[in-house]
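See below for the structure under consideration.
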Amino acid sequence: MRTRALLWWGIGMLVAATLLGAAIVFGYTEPPGFDTWWNREVVENRADWMLSFALTLDHIGGGWVAILVVPLLVILALLIARRWQAAVFAAIAFLASAGAVQLLKQLFGRARPEDMIVASDFGSFPSGHTANAATIAVVLWLVFPRLWTAILGIAWIVLMAISRTLLSVHWATDTLGGALLGAGVVLVLGALLLPWVRKGKGSPRNPEPAPIG
C-alpha cells in the first residue's frame, strides 16, 4: 500500500474513532441499543472458560505488561532481526497510540458498564486494550507485509475486543473505537516513516521481503 493511501486510511480511522465517541457520549443519554444488547448477550451466555480466556487477555493487553513488556518484546525482536529503523517506528507507534487513547478517554469520559468483573481506569471509550492490540497488529503488518501477519493481526484484535466485553469492562462500541484509533495512529505514522524504515532492506543482512501472498 502506498504511503498516500496509508495516510488517508489512517486519518479516516482517527476521524471515525473521534466521531464515534462524540456521537455516543453527546448523542445518547443511555448506551446505544447495540451496546446494551451485546452486553446482555455476553453476560447471559459466557462460560467459565470464556472468562478464564478473557482474564488472560486482560493481563496481557493491559497494565504494565501491555505498557512495558509487550512493546519491549516487539522492539527487541525487531532489533534482533537487525531492523533498528522498524524498532524505532514501533516505539513511536506504541507511545503515540497510548497517548491518543488517554486523550479521547479524558475528552469523552464515558461511563463503563455497571457489572464490571475487573477493575479498570477512568473512561470507557475507547478501549485501551483493543487499541494496543490494533497497534501491535498494524505495526507488524507494515514491517512484515504478509498475508499471515494480516490474518493473525485481525484475529488478535477481534479476540481482544470480545474479551473486553466478556469482562463487562467495555461496551462493544468502545472496542470498535479502540481498534480504529490504534490502527489509525500506526497508519498515519507509517505514511510518514515507512520510507525511512524500509531503507537498507535490500542489503544482504536485511533482504527485501517477498510480496504479499
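- Counting heavy atoms from C-beta on, the side chains of Leu187 and Met13 come closer than 4.5 Å.
- Closest approach of Ser127 to Thr175, counting heavy atoms only: CB-CA, 3.9 Å.
- A pairwise comparison of heavy atoms in Ala90 and Leu78 identifies CB-CD1, 4.0 Å as the closest pair.
- The side-chain heavy atoms of Leu142 and Leu6, taken from C-beta on, include a pair separated by under 4.5 Å.
- Here the options are Val101, Leu95, Val186, Leu140, the test is side-chain contact (heavy atoms from CB on, under 4.5 Å), and the partner is Thr135; only Val186 passes.
- Other residues, nucleotides and ligands contribute over 12 non-hydrogen atoms within 6.0 Å of the CD atom of Glu44.
- The minimum heavy-atom distance between Gly153 and Ala137, with the atom names listed, is CA-CB, 3.5 Å.
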Open item on the list: One pair to check against side chain to side chain contact (heavy atoms under 4.5 Å, CB included): Asn39 and Thr165. What are the steps and the verdict?
Closed with: CA-CA 7 Å; Asn39 186 61; Thr165 59; over 6 Å; no
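- Look at Arg40 and Asp35 and you find no salt bridge, because none of the NZ, NE, NH1 or NH2 atoms lies under 4.0 Å from a carboxylate O.
- Shortest non-hydrogen contact noted between Val188 and Gly10 is CG2-C, 3.6 Å.
- Within a 6.0 Å radius of OH in Tyr28, other residues, nucleotides and ligands contribute 12 heavy atoms or fewer.
- Across Leu180 and Ala16, no two heavy atoms sit closer than the pair CD1-CB, 4.1 Å.
- Residues Ser97 and Val185 come closest through the heavy atom pair N-CG1, 3.8 Å.
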- [ ] Could you check Trp84 against Trp196 for ring-ring contact (aromatic ring centres under 6.0 Å, His included), going step by step and ending with a plain yes or no?
- [x] CA-CA 11 Å; Trp84 72 267; Trp196 172 75; 5.4 Å; yes
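- Aromatic ring pairs are classed by plane angle as parallel below 30°, tilted from 30° to 60° and perpendicular above 60°; the pair Trp38 and Phe34 is parallel.
- Ser168 and Arg46 share a donor-acceptor pair across their side chains, judged by distance under 3.5 Å alone.
- A 4.5 Å side-chain heavy-atom check between Pro31 and Arg110 finds at least one atom pair inside the cut-off.
- A 6.0 Å sphere centred on CG of Asn45 holds more than 12 heavy atoms belonging to other residues, nucleotides or ligands.
- Seen from the ring of Phe89, Arg83 does not count as a face-on cation partner, given the 6.0 Å and 45° thresholds.
- Between atom CG of residue Leu79 and atom CD1 of residue Ile75 there is a gap of 7.5 Å, rounded to the nearest 0.5 Å.
- Inter-residue side-chain proximity for Pro195 and Thr3 is flagged as met; some heavy-atom pair is nearer than 4.5 Å.
- Remark: Arg164 engages Asp58 in a salt bridge, criterion side-chain N to carboxylate O under 4.0 Å.
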